[in-house]
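Naming: A, B, ... by sequence-line order, numbering from 1 per chain.
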Amino acid sequence: MTKFSDLNLNPKVLKAIEEAGYETPTPIQAGAIPPALEGRDVLGIAQTGTGKTAGFTLPMLSLLSRGRARARMPRSLVLCPTRELAAQVAENFDTYSKHLKLTKALLIGGVSFKEQDKLIDKGVDVLIATPGRLLDHFERGKLLLTGVQIMVVDEADRMLDMGFIPDIERIFSLTPFTRQTLFFSATMAPEIERITNTFLSAPARVEVARQATASETIEQGVVMIKATRRDRADSEKRAVLRALIDGEGEACTNAIVFCNRKIDVDVVAKSLKKNGYDAAPIHGDLDQSQRTRTLDQFRAGDLKILVASDVAARGLDVPAVSHVFNYDVPSHAEDYVHRIGRTGRAGRSGKAMMICNPRDEKNFAAIEALLQKEIPRLDSPVQSAGSDTPVEAEAEDKPAKPSRSRSRTVSRKKADAPQEAPVEVQAETPPETPKAEPKPQAKPQDKSQDKPQDRGQERNQGRGRSGDSGRSGAGRGGDQGNKVVGMGDHMPSFIALSFDERRVG
DNA sequence: AAAAAAC
């Protein structure tokens with residue numbers, strides 16, 4: 001079996017890999033690293049969780065280990081669709097470059113330009129960015145991309161979903177023709193195919209998804225509910241969620257609850273907290289410092305339940321989530337696959353449970369069609385929801401309550417489910433000897449537990465305070481460095497298929 | 001119909 005030491009990586013990079021506890025590359029790493037080191041373009045088709053971040057980080061660092069950056073002219077560029085993803089990639093660079101003298105900058109929105117400008121001015125070897133902020137810097141004349149020797153596009157299919165493709169094309173056109181391009185996508189949509197044909201030259205194509213075996217480690221289920229009264233629909237749904245969580249008991253070590261809308265993320269998180277659960281929200285309207293803090297806590301095991309919009313559905317490297325709860329049925333069937341893909345990773349078992357209202361049944365059917373598989377129906381964990389309680393006629397007359405449901409409606413009613421919340425936060429210790437990539441145990445570095453005050457729904461609060469969230473690496477201790485969670489052959493088979501394949505059958 | 005990402 002191939003070892004990292006067989007791959008011709010720079011010795012100092014190799015040393016950092018060993019110190020991080022890794023020995024054997026995942027399939028995508030074994031496939032992508034050699035051609036990348038030869039200077040070839042690489043087209044990597046792989047899901048998150050397959051170790052692709054290290055698949056481009058390691059060869060890049062090796063290639064960049066010689067030479068020095070000039071002011072405002074980064075030597076390499078990594079583009080990511082979300083801020084969190086970019087921050088993760090940056091952590092990877094920190095981990096593996098600790099014995100090299102390379103500089104990097106993280107250019108993401110939501111934080112001030114100042115720090116970022118300073119770094120760029122000094123010259124960086126590695127620039128990690130989300131497209132919007134990168135172009136912003138460029139337009140202000142602060143940045144030249146003509147020195148880029150290596151460019152990485154990460155999660156290209158997600159970039160496509162988010163409408164970033166024009167930006168990506170523009171950025172491509174700002175970099176030299178001679179650059180090396182490493183391009184990663186989970187699927188090959190026609191539009192992605194077009195981009196790769198245009199901007200990659202004779203790429204080495206590395207595809208790992210297909211090799212996955214059929215072992216399904218994600219246990220799925222759905223609860224069909226029907227509100228007993230329309231004006232109670234939301235609170236009843238939250239009660240069902242709590243009952244589902246309670247029903248899992250100790251088995252639920254940490255979980256992500258997905259909602260379709262940001263407002264519901266806030267409401268559900270707040271309701272859970274109020275009921276004694278250790279939960280916090282994350283979505284794009286929260287300011288960046290809070291997003292970062294919440295995610296860090298969740299990773300460190302200091303937060304048990306992350307209530308999230310689809311900002312967290314893909315790409316986030318959250319290790320070993322035991323449960324995913326779909327509070328809402330996602331309206332794009334693809335999103336379901338990405339959401340539940342947050343659990344059952346790295347060979348661990350995972351459970352994904354969803355709540356489905358009558359009005360969601362169409363979307364639900366689309367999911368089952370995509371999966372080509374029936375999702376087992378679970379009995380409602382709450383007695384009255386969905387049962388035969390007669391519907392009050394008055395519910396009809398009442399003007400629908402304005403969407404903001406006051407929290408007093410939340411906790412009162414169906415408290416039949418045992419209320420003792422699973423407060424016991426059990427930071428699960430991962431097994432120590434995964435074959436592909438061991439998982440360094442994350443150490444909380446700051447315990448500051450401010451309670452996320454998630455009221456703010458004002459628009460435009462994107463610009464957080466400066467000075468956080470750029471975890472620019474200094475002082476990250478050695479072995480706690482960041483992981484690429486390996487999984488190799490423990491992926492449910494349907495995840496391994498492209499969406500087209502799933503549709504076709 | 002919603003979320004994400006630039007100010």
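The CD1-P distance, from A:Ile171 to B:dA6, rounds to 10 Å in whole Å. Atoms CE (A:Met159) and P (B:dA5) sit 12 Å apart, rounded to a whole Å. Distance, A:Asp310 CG to B:dA3 P: 9 Å, rounded to whole Å. Between the CD atom of A:Glu155 and the P atom of B:dA3 there is a distance of 20 Å, given to the nearest Å. Atom-to-atom, CG of A:Asp264 to C1' of B:dA3 comes out at 13 Å; the value is rounded to the nearest Å. Residue A:Asp136 contributes atom CG, which lies 14 Å from atom P of B:dA5 at whole-angstrom precision. Taking atom CZ of A:Phe258 as the reference point, atom C1' of B:dA4 lies 14 Å away to the nearest angstrom. Summarising the geometry, the separation between NE2 on A:His137 and C1' on B:dA6 is reported as 10 Å, rounded to the nearest angstrom.
Across all strands, A:Pro330 comes closer than 4.0 Å to no nucleic acid atom at all (heavy-atom distances). At the heavy-atom level, A:Phe113 lies under 4.0 Å from the strands shown only through sugar-phosphate atoms. When heavy atoms are screened at a 4.0 angstrom cut-off, A:Ser309 is found touching the sugar-phosphate backbone but no base atom.
Under 4.0 angstrom from either OP1 or OP2 of B:dA5 there lies at least one side-chain N or O belonging to A:Arg291. Listed pair A:Arg83 / B:dA6 meets the phosphate criterion, a side-chain N or O lying under 4.0 Å from OP1 or OP2. Contact annotation: A:Thr130 does not reach the phosphate of B:dA4 (side-chain N/O to OP1 or OP2, under 4.0 Å).
In this structure, of B:dA5, B:dA1, B:dA4, it is B:dA5 that holds the atom nearest to the side chain of A:Phe164. Comparing B:dA3, B:dA5, B:dA6 by their closest approach to the side chain of A:Arg261 singles out B:dA3.
Within the structure, ring-ring contact (aromatic ring centres under 6.0 Å, His included) contacts touching residues 126-173 of chain A (residues at least two apart or in different chains) are A:Phe113-A:His137, A:Phe172-A:Phe199. Applying the side-chain hydrogen bond (donor to acceptor under 3.5 Å, both in side chains) rule to pairs touching residues 357-368 of chain A yields A:Glu368-A:Arg377, sequence neighbours excluded.
Salt bridge present: A:Glu155 and A:Lys52 bring a charged side-chain N and a carboxylate O closer than 4.0 Å. A salt bridge is absent between A:Arg261 and A:Asp328; no separation between the charged side-chain nitrogens and carboxylate oxygens falls under 4.0 Å.
The base of B:dA1 sits within donor-acceptor range of the side chain of A:His332, with an N or O pair under 3.5 Å.
When each of A:Val265, A:Thr294, A:Val257 is checked for a side chain to side chain contact (heavy atoms under 4.5 Å, CB included) with A:Leu306, only A:Thr294 meets the rule.
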